[in-house]
Structure formats: structure tokens, C-alpha cells
Protein chains: 2
Amino acid sequence: MPSPLEKARQDPNSMKARILASARKVFGEYGYNNTTTRMIAKDVGIDISTLYYHWGEKQDLYEAVLEDVGDAIQHKLNEIERNVSGQSLTTRLEIALDMMCDYLFSHPEVPNLILYGYFNKAPNGVTLDIKMTEHIANIAVAMELAPNKNQISVQARARILAVWNTVLNFISAENFFRPMLETDREHYIQVVKETLKFILVPAFTADK
Amino acid sequence: MPSPLEKARQDPNSMKARILASARKVFGEYGYNNTTTRMIAKDVGIDISTLYYHWGEKQDLYEAVLEDVGDAIQHKLNEIERNVSGQSLTTRLEIALDMMCDYLFSHPEVPNLILYGYFNKAPNGVTLDIKMTEHIANIAVAMELAPNKNQISVQARARILAVWNTVLNFISAENFFRPMLETDREHYIQVVKETLKFILVPAFTADK
DNA sequence: ACGTGTTTCCAACACTTGATGGAAGCATTT
DNA sequence: AAATGCTTCCATCAAGTGTTGGAAACACGT
């Protein structure tokens with residue numbers, strides 16, 4: 001029995017899938033509490049009842065979006081892992097950073113949704129919670145910072161969290177940070193990558 | 001002619017001041033959109049009309065809170081600057097970090113409000129925007145990373161932003177991060193400081 | 001052409017929210 | 001005691017929200 005989310009992915013033109021795509025976009029821009037079901041319906045170009053017919057409660061739709069985003073990240077992490085295998089630690093880190101930044105900068109709703117998940121007292125973030133722990137572990141193993149998923153030191157986890165969050169913040173708060181750095185978008189991306197590499201490399205190569 | 005905010009500070013027991021304090025607390029916990037004027041009034045223990053009588057629109061009250069918090073940060077930065085003057089760069093950084101962490105961990109509404117300011121599409125964050133640029137410049141000068149406020153390289157600003165944000169995130173998202181690190185509060189603070197120092201020191205001592 | 005099951009929309013409901021008008025309470029001066 | 005000005009509260013409004021019932025439109029096998 002396929003979940004609603006799986007069903008929506010089977011046909012990207014289905015109403016279910018179109019609603020999910022709009023929901024991801026709008027939730028990603030305004031957050032859960034500042035998004036109304038009417039806004040999403042309008043973005044799809046349908047009546048609000050049609051939305052409820054397909055997805056039920058607002059919260060259910062939101063959770064589907066979070067799951068969708070979580071899967072997308074996992075997918076990207078896997079892709080990165082394939083690309084960096086065999087390289088030296090420093091090279092791995094740099095490639096990983098580059099790829100992740102490019103992905104997130106072109107899908108800004110992803111970091112937005114994750115950060116909204118942290119801070120808002122919004123509906124239970126259980127789903128996201130589990131995923132995050134999972135992602136952190138995956139990053140650690142992919143970067144060979146730990147022998148396996150169950151043996152990651154608190155310090156290593158904290159450093160991954162720190163870097164991961166710095167990435168998310170730079171992207172989500174671009175509209176806020178960019179004026180402060182007085183750069184255009186292209187240069188901003190450059191500076192962000194540079195800054196991250198600067199922080200990242202010592203953080204993970206120092207005591208190895 | 002004193003501003004409403006100044007007026008409220010003159011007597012901390014005045015109704016204006018009590019409302020401001022509650023507003024800071026509640027806005028800091030739930031963010032602008034998730035806070036109702038009724039919640040604040042209830043926290044003070046007064047009727048909602050009394051709140052409107054003293055502060056007018058919700059947005060005005062919010063802006064007063066942001067200004068209040070901005071001033072508090074500036075005050076803390078000044079205190080830190082006095083404490084670190086004369087020390088070596090590394091010592092300055094470590095002391096600054098320690099003091100700022102202690103302050104923010106015991107006033108979690110401060111990082112919350114700042115981060116809400118970044119991410120929410122809420123009312124114009126102009127006030128906060130100006131303050132932030134100012135704070136970054138002050139940090140740079142206090143840490144002697146730049147000769148004066150008007151000559152801070154983009155790279156230096158980006159690094160300060162990165163570290164500053166990492167601090168805010170670790171504190172605001174404590175409820176989210178701490179389970180992932182499986183530590184108690186005391187140990188969490190320790191790990192955060194340690195991680196920050198680890199990131200901070202190379203970030204500001206490497207190319208000086 | 002007809003029936004059946006699915007999909008879409010219109011209209012409405014109950015509730016919350018920001019905001020206000022006006023009456024009552026309180027303090028101070030005359 | 002009366003008058004005045006400030007403060008507080010009750011009752012209410014208008015707009016917006018999540019959600020639903022039911023009627024129309026549609027697709028499609030018979």
C-alpha cells in the first residue's frame with residue numbers, strides 16, 4: 001500500500017503532486033504558520049476544497065512536504081557520497097561543500113523548511129527530528145569522520161551540526177546577509193563557499 | 001521628548017515596562033506571527049485593551065522589543081570590549097565567546113528574536129537590519145580584526161557572520177540539537193563553547 | 001443514453017485574531 | 001464633594017483562518 005507521498009511521486013502531473021509541489025514552495029517561503037491553505041490552493045490554481053480532498057488536514061500536507069524534503073536531502077547526500085569516494089579527506093570535504101551549496105542555493109525552500117523546523121513551535125517536528133539525526137550520521141560516515149553510524153563522538157556531531165547550520169543560514173538568510181556584505185548574488189555564493197571551506201577544513205582535519 | 005521605550009525603562013514597575021518585558025518573553029518564545037496580543041496581555045495579567053492603550057499596534061510593540069534587544073546586545077558587546085582590551089587576539093576571542101555564550105544561554109529570547117528577524121517574512125526588519133550591520137562592525141573592531149568600522153573586508157564580515165550565527169543557532173535550537181548530542185544542559189553548553197572556540201580561533205587568527 | 005464513481009467547486013460554519021468604543025474605576029486637585 | 005484626567009476593563013467588530021457538506025462537472029464502462 002503506497003503512502004500518499006509515494007502516490008504523488010508516481011505521476012508528477014497528478015493533482016496530488018502539483019499540490020505537493022506548490023505546498024513545498026509556499027511553506028518554504030512563508031513557514032507553516034504564515035502559510036494559509038488558500039495560498040497554496042491559489043498557487044496551484046485550484047479551489048481550496050480540492051486541496052483538502054487530496055491531502056486532508058494542513059498538518060498532514062506539511063508533514064508530507066517535510067518528508068519529501070528529507071528524502072531529497074538524503075538523495076543528494078548519496079549522490080555526493082558517490083562523487084567523493086576515493087578522494088582525500090580535504091578534497092572530499094571541498095567537493096561535498098560545493099555540491100551541497102549549489103543544490104541548496106538553487107532550492108532555497110529546502111534550507112528554509114529545515115530551519116523553520118528548528119525554531120517554530122509549530123506542529124510536532126518529530127519527522128524532521130529523526131531525519132536530521134540520520135543525516136548527520138550519514139555525513140559523518142560519508143566523510144569518514146567515524147567508522148560507522150553508531151560511533152560518532154559528541155564533538156564530531158557538534159562540528160557537523162555547526163557547519164551544516166552555517167550552510168543553511170547563509171542560504172536562508174541571503175536576503176538579510178547580502179546587503180550587509182554589499183555583494184551581488186554570484187559573488188555572495190562565492191564568498192559563502194570560501195567562508196565555509198575556511199571553517200570546514202580545519203574543523204574536520206585537525207584532530208584526525 | 002523621551003521615546004516610549006525610554007519611558008518604559010525609567011520605571012521597571014510601570015505598566016509600560018511590564019508589558020514590554022512580557023512581550024519580549026512571549027515574542028521571543030513564539031515569534032511574531034505565532035504570538036497573539038492576548039497571549040502577552042495574559043502573561044502580564046491584564047486586559048488586552050490595556051495593552052493597546054499603552055503600546056498601540058502589535059507591530060509597534062514588536063519593534064520596541066527589537067530595539068530593546070538590540071540595545072541589550074550592544075551593551076553586552078561594550079562590556080566584553082572592556083574586558084578583553086589589552087589581551088592577545090586568541091585570549092580576546094576566547095573571553096568574548098565565553099561571555100557572550102553565558103549571556104545568551106541565560107537570555108534565550110535574545111537569539112530567538114534575532115533569528116526570527118532573519119527568517120520570518122514578518123513586518124519589516126529594518127530596525128534589526130541596521131543594528132546587525134552595526135554589531136558586526138563593532139565585533140570586528142573590538143576584536144581588532146579591522147582598523148576601523150569602515151574598513152572591514154567582505155571576508156572578515158562573512159566570517160564574523162558565520163560564527164555569530166553559529167552561536168545563535170546552537171542556543172536557539174538547543175531543544176532540537178541537545179537530543180541529537182545526547183547530553184544534559186550543562187554538558188551541552190560546554191560542547192557548544194568548545195566547538196565554537198575550535199571554529200573561531202582559526203577563522204580569525206589564520207591570515208592576520 | 002445511462003448509471004457510477006471520482007474529481008472539482010461554491011458556500012458556509014465555527015473560531016481566532018488585531019483592533020476599538022465606551023463605560024467604570026481610580027487618583028488628584030480644587 | 002465635585003470635577004478632571006488618567007487607567008483599566010467589558011463587549012464587540014471586521015477580517016481571515018481551517019475545515020466541511022453538498023451540489024455540479026467529469027470520465028467511462030455498459
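Every chain is numbered from 1, with letters handed out A, B, ... down the list of sequences. Side chains included, hydrogens not; waters and symmetry mates left out as well; all remaining heavy atoms used.
Using modelled atom types, one finds a donor on one side chain and an acceptor on the other under 3.5 Å when comparing Gln74(A) with Asn78(A).
Taking the centre and axis of the six-membered ring of Phe170(B), the NZ or CZ atom of Lys193(B) falls outside the cone set by 45° and 6.0 Å.
Using a distance-only test at 3.5 Å, with no hydrogens or angles considered, no donor-acceptor pair links the side chain of Ser22(A) to the main chain of Ile40(A).
In this structure, the NZ atom of Lys16(A) is 12 Å from the C1' atom of dT7(C), given to the nearest Å. The CE-P distance, from Met39(A) to dT17(D), rounds to 8 Å in whole Å. Protein atom CD1 of Ile40(B) is 14 Å distant from nucleotide atom C1' of dA19(C), rounded to whole Å. Between the CD1 atom of Ile48(B) and the P atom of dT17(C) there is a distance of 9 Å, given to the nearest Å.
Checked against dA19(C), dT19(D), dC10(D), the side chain of Lys58(A) finds its nearest nucleotide in dT19(D).
Listed pair Tyr53(A) / dT7(C) meets the phosphate criterion, a side-chain N or O lying under 4.0 Å from OP1 or OP2. Between Tyr52(B) and dA19(C) there is a side-chain N or O to OP1 or OP2 distance below 4.0 Å. At dT8(D), one or more side-chain N or O atoms of His54(B) fall inside 4.0 Å of OP1 or OP2 (strictly under the cut-off). For the pair Thr50(B) and dT7(D), the criterion of a side-chain N or O lying under 4.0 Å from OP1 or OP2 is not met.
In the interface, the side chain of Arg38(A) is paired with the base of dG18(D) through a donor and an acceptor atom under 3.5 Å apart. One donor-acceptor pair, N or O on each side, does fall under 3.5 Å between the base of dT20(C) and the side chain of Ser49(B).
Contact annotation for Ile46(B): backbone-only contact, meaning every heavy-atom pair under 4.0 Å involves sugar-phosphate atoms and none involves a base.
Salt bridge status for Glu109(B) with Arg24(B): present, with a side-chain N to carboxylate O gap under 4.0 Å.
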